[in-house]
Amino acid sequence: QVQLVEAGGGLVQAGDSLRLSCTTTGRTLSEYTMGWFRRAPGKEREFVGGISRSGDSTDYADSVKGRFAVSRDNAKNTLYLQMNSLKPEDTAVFFCAATYNYGRLVPRDQRTYLYWGQGTQVTVSS
């Protein structure tokens, strides 16, 4: 029904910044509560941050709080993840995901999300 496409990953040094994007096609971004997840080598996929459908509520994992920021531009059908002060332990494949009808709530459980992007690789060197 909806397709999600991530972009913006790459290789950076510790302390650098990077901005990821996730663009919807087929349906408008405003219909969805959105989340970012990541999978590091040898680890399970984990919640990074998310944003409510209107953009009035956000939530973050403790490991990225204060460094990462989720935002959305519904007019452009684009979700963003601004990552600052990157650390080598942030190295992972990052995924965006979409779900319905959570109002101001942002689910952390990946099983809640119905649609997923293909992922984009972020590598942070020391």
In Å and rounded to the nearest 0.5 Å, what is the [atom1] to [atom2] distance from [X] to [Y]?
{"X": "R39", "Y": "T91", "atom1": "CZ", "atom2": "OG1", "result": "15.5 Å"}
{"X": "C22", "Y": "L4", "atom1": "SG", "atom2": "CG", "result": "4.5 Å"}
{"X": "R72", "Y": "S30", "atom1": "CZ", "atom2": "OG", "result": "7.5 Å"}
{"X": "T24", "Y": "M34", "atom1": "OG1", "atom2": "CE", "result": "7.0 Å"}
{"X": "S21", "Y": "L79", "atom1": "OG", "atom2": "CG", "result": "8.5 Å"}
{"X": "Y60", "Y": "R67", "atom1": "OH", "atom2": "CZ", "result": "12.5 Å"}

Side-chain ([X]) to main-chain ([Y]) donor-acceptor, under 3.5 angstrom:
{"X": "S52", "Y": "R104", "answer": "no"}
{"X": "T123", "Y": "L11", "answer": "no"}
{"X": "Y102", "Y": "R53", "answer": "no"}
{"X": "T99", "Y": "T112", "answer": "yes"}

Going by atom types only, do T23 and N77 share a side-chain donor-acceptor pair under 3.5 Å?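 On atom types as modelled, these side chains do not qualify, holding no pair under 3.5 Å.
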Yes or no on side chain to side chain contact (heavy atoms under 4.5 Å, CB included) for R45 and F95, after CA distance, side-chain angles and deciding distance? CA-CA 9 Å; R45 187 166 57 194; F95 302 88; 4.2 Å; yes
Please check if [X] and [Y] belong to a single hydrophobic cluster, counting links between Ile, Leu, Val, Met, Phe, Trp and Tyr side chain heavy atoms closer than 4.5 Å.
{"X": "V64", "Y": "V124", "answer": "yes"}
{"X": "L105", "Y": "V48", "answer": "no"}
{"X": "V12", "Y": "V93", "answer": "no"}
{"X": "W36", "Y": "V5", "answer": "no"}
{"X": "L18", "Y": "Y80", "answer": "no"}

Taking the six-membered ring for Trp, are [X] and [Y] parallel (under 30°), tilted (30 to 60°) or perpendicular (over 60°)?
{"X": "Y100", "Y": "Y32", "answer": "tilted"}
{"X": "F94", "Y": "F68", "answer": "tilted"}
{"X": "F37", "Y": "W116", "answer": "tilted"}

Using a strict threshold of under 4.0 Å (side-chain N to carboxylate O), is an ion pair present between K87 and D90?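 Answer for the salt bridge query: no.
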Do the side chains of R38 and E46 get close enough for a salt bridge, i.e. N-O under 4.0 angstrom?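 So R38 pairs with E46 through a salt bridge.
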Where do A14 and S126 come nearest, in terms of heavy atoms and distance?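 So the two residues come closest at CB-CA, 4.4 Å.
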Shortest non-hydrogen contact from D73 to L29?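 It is O-CD2, 4.2 Å.
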Taking side chain as C-beta onward, heavy atoms only, is I51 less than 4.5 Å from S57?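 No, every pair of side-chain atoms sits at 4.5 Å or beyond.
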How about R108 and D59: do any of their side-chain heavy atoms sit closer than 4.5 Å?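 Counting from C-beta outward, R108 and D59 do come under 4.5 Å.
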Evaluate the side chain to side chain contact (heavy atoms under 4.5 Å, CB included) criterion for residues M83 and L20: first the C-alpha distance (whole Å), next the side-chain angles of each, then the deciding distance (0.1 Å), finally the verdict. CA-CA 8 Å; M83 302 183 292; L20 306 183; 3.7 Å; yes
Please determine whether side chain to side chain donor-acceptor pair (under 3.5 Å) holds for the pair S17 and N84, giving the CA-CA distance in whole Å, both sets of side-chain angles, and the decisive distance to 0.1 Å. CA-CA 4 Å; S17 296; N84 300 322; 2.8 Å; yes
Might you confirm whether atom [atom1] of [X] has over 12 heavy atoms from other residues, nucleotides or ligands at distances under 6.0 Å?
{"X": "E44", "atom1": "CD", "answer": "no"}
{"X": "K65", "atom1": "NZ", "answer": "yes"}
{"X": "Q3", "atom1": "CD", "answer": "no"}

